[in-house]
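Only one structure is covered here, and it is reproduced in the block below.
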Amino acid sequence: MATPLSRAPSLLLKWNQQLHFARAPVREGHFRKAIENFRSGGGESEVARAHKFQGVQSVQASSLNSRSTFAKPHLGDNRISFSVLKDPGPLCLKRAPTFLGHKRSWASASATGTVEQPSSQGNSQMASPASHNQVDGESISYLTQAEAAAIDETLMGELGFSIDQLMELAGLSVASAIAEVYDAKEYSRVLVICGPGNNGGDGLVAARHLYHFGYKPSICYPKRTDKPIYHGLVTQLESLKIPFVSAEELPSKLKDGFDLVIDAMFGFSFHGIPRPPFDSLLRQLVVPKGTIAEEVGVPPVVSVDIPSGWHVENGDTEGTGFVPDMLVSLTAPKLCAKMFDGAHHFIGGRFVPPVIVEKFSLRLPRYPGHSMCVRLGSTNSKPVDVAALRISYVGFELLEEQAKKDPFEQFKVWFDDAVSRKVAEPNAMTLATASKDGQPSARLVLLKGYDEGGFVWYTNYGSRKAAELKANPKACLVFFWEPLHRSVRIEGSVEMVSSEESDAYFHSRPKGSQIGALVSAQSSVIAGRHVLDKANEDLNAQYADGKFIPRPEHWGGFRLTPEVIEFWQGRESRLHDRLRYKRVGEDWIIERLSP
Ligand SMILES: NC(=O)C1=CN([C@@H]2O[C@H](COP(=O)(O)OP(=O)(O)OC[C@H]3O[C@@H](n4cnc5c(N)ncnc54)[C@H](O)[C@@H]3O)[C@@H](O)[C@H]2O)[C@H](O)CC1
Ligand SMILES: [K+]
């Protein structure tokens, strides 16, 4: 059923920048006539061809069917907005030379757009010029190649910016975004691969900022541009003793020399397919499907503005398989960013003045605080197929001949592996308990010690888990060490640790945590955060000047004495290794379980 006009979704069609539209003075009457022509000409095949012509993947061919109605077309600079009776969704239209009887100007005129739901504020008939390219509730603009270049030109023309300035801000944004995601201690060795244009310049600037942030950058800059700005950037890096390495000197597995790679090869002026040596450099950044980056020696990759080698508007049209882990879009994302489904997408370039925002009808996210970058939500409009989320567990095994006879020794081997592989919180474990009548509950707690006597954690004795353990002193602990594809499951009976043990641990904790234990009546309902803040403030005042804080009676440890410990090692094709240790008297027997 057609939507009543008053509630019609509004639509903004943006004319393709490559067209000659601007040369023809267009009047509203012309447009009306064009639309009529378009409709009476039978839109279907035209639309389908337009879709192909534009190669814009996000636009599906959809026709202006008989239910479509246009009202009050509004002509902007190079935009046309109007209301249409049509379900929300993407729309594309094209009309060939006779469109307006104005052959030269309108040849191959085409337009794409997205039909929006009317805003709750009303004005459903007319889209605001700033409302194009909305995605996923995060309404931001995605730029064509021509728009990106036009924004740059305007910034450096009538707005008086210099390229050095913009590049400095772009490079600083990239370094700031990297620092938000990749810790300088863990990802210190950063390889910055720079291309011949301004994207490469952004990489050189980012490398300098990363150095000052505490990283250890190296630069691969195989095609240097002979211009003063680039000479200056190179001199600045050399003065910091930042090494320059040739493409030939790089290890074939980049992971052998670097913890992180910055791809600053090509930005929005890229065309065609990458020429040497960038073609082979890019191949070194590809993680083949079905493999794990770490195992094929590819460190995480951060792309500046565009994943290099991708078509600026259509993405990885060459099927290179290159997908960076992080993309830092500059000014506004380019259309190809819609196809980016890596883990982190940021925008940088907090210098866009309102006049640019208006001129190009930009929608940009708000930057938090004083930050130079802002994280975007997922731009991937595909719904997550949870059932399809799977990784291949390759590289480890757990065979009987390798396993220790004693499960505590085996646990130590795996726990130490998890620590040395820098698993985040390797001592985090799920503790499952059950009430007396069998209602299970589970939560994460931290292991604070283990030996042959059992596995120990501390908590509030008034909490739900403590109550359940009192009523039913049996529990299960589960560890999951994802990077190693390992899990350990421990079942047994639980008892409170001695008060001496609890005292000793309590007083080893930082003062803030000791006071925290006094503040919280864990699992009880409270009126608001202020209750905690107030109690915390009072107790801090009470125990100022290093005064001894006694362990509250309601706080202490539990120890689980295991009867069963199972070690699970993920293996290929779901044929995992499972070894179960069962206590039999003083000994342990080991059984292999089917995966
Ligand atoms: N407004 C901003 O946000 C700013 C962004 N900046 C960055 O500048 C780039 C665009 O820079 P530009 O110099 O125009 O182009 P590129 O860096 O993309 O590269 C052009 C460079 O590459 C060569 N080239 C093109 N295609 C190929 C190919 N197939 N194989 C090999 N080489 C190729 C071409 O010849 C040129 O030499 C933008 O993306 C941002 O990163 C500015 O720093 C500041 C303002
Ligand atoms: K790039």
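Atoms within each ligand, like the ligands themselves, are counted from 1 in listed order.
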Protein residue, atom and distance nearest to atom 44 (C) of ligand 1, heavy-atom basis: L166 CB, 3.6 Å
Shortest protein heavy-atom distance from atom 3 (O) of ligand 1, along with the residue and atom involved: T331 OG1, 2.5 Å
Three-point angle N199:OD1, the K ion (ligand 2), V304:O, rounded to the nearest 10°: 80°
E313 side chain to K334 backbone, donor-acceptor under 3.5 Å: no
Parallel, tilted or perpendicular: rings of Y187 and Y182 (30°, 60°): perpendicular
Side chain D202, main chain A264, donor-acceptor under 3.5 Å: no
Proximal candidate to atom 26 (N) of ligand 1 [heavy atom criterion; set M265, H271, R275]: H271
Apex the K ion (ligand 2); atoms I306 O and S308 OG; angle rounded to 10 degrees: 90°
Under 3.5 Å: donor-acceptor pair, side chain of S173, backbone of G349: yes
Enumerated ligand 1 atoms positioned under 4.0 Å from heavy atoms of D152: 1 (N), 2 (C), 4 (C), 45 (C)
Which residue and heavy atom of the protein sit nearest atom 9 (C) of ligand 1, plus the separation: N199 N, 3.7 Å
Minimum-distance protein heavy atom relative to atom 38 (C) of ligand 1: D305 OD2, 3.2 Å
Close side-chain approach of S361 to S141, heavy-atom, < 4.5 Å: no
4.0 Å heavy-atom contact, F266 with ligand 1: yes
Atom 14 (O) of ligand 1: nearest protein contact (heavy atom, Å): S269 OG, 2.5 Å
Where the K ion (ligand 2) is the vertex, angle from F266 O to D263 OD1 to 10°: 120°
Backbone N/O of D259 and side chain of E186: donor-acceptor pair under 3.5 Å: no
G201 heavy atom under 4.0 Å from ligand 1: no
Whether H345 and F340 hold their rings parallel, tilted or perpendicular, with breakpoints at 30° and 60°: perpendicular
Selected option - heavy-atom contact closest to atom 5 (C) of ligand 1, from I229, D202, I347: D202
Ligand-side contact atoms (ligand 1) for residue partner L330, heavy atom cut-off under 4.0 Å: 3 (O), 40 (C), 41 (O)
Close approach of I273 to ligand 1, heavy atoms, under 4.0 angstrom: yes
T225 side chain to P196 backbone, donor-acceptor under 3.5 Å: yes
Protein heavy-atom partner closest to atom 8 (O) of ligand 1 - residue, atom, separation in Å: N198 CB, 3.1 Å
Heteroatom proximity flag, F268 to ligand 1, N/O under 3.5 Å: yes
Close-contact set for ligand 1 against P196 heavy atoms, below 4.0 Å: 21 (C), 22 (O), 23 (C), 37 (O)
contact_flag I306 ligand 1 heavy-atom lt 4.0 Å: no
Element-labelled atoms of ligand 1 that are located less than 4.0 Å from some non-hydrogen atom of G267: 16 (P), 17 (O), 18 (O), 39 (O)
Geometric class of the H485/F396 ring pair [parallel <30°, tilted 30-60°, perpendicular >60°]: perpendicular
Side-chain donor/acceptor of D305 to backbone N/O of L330, under 3.5 Å: yes
P274: numbered ligand 1 atoms lying under 4.0 Å from its heavy atoms: 29 (N), 30 (N)
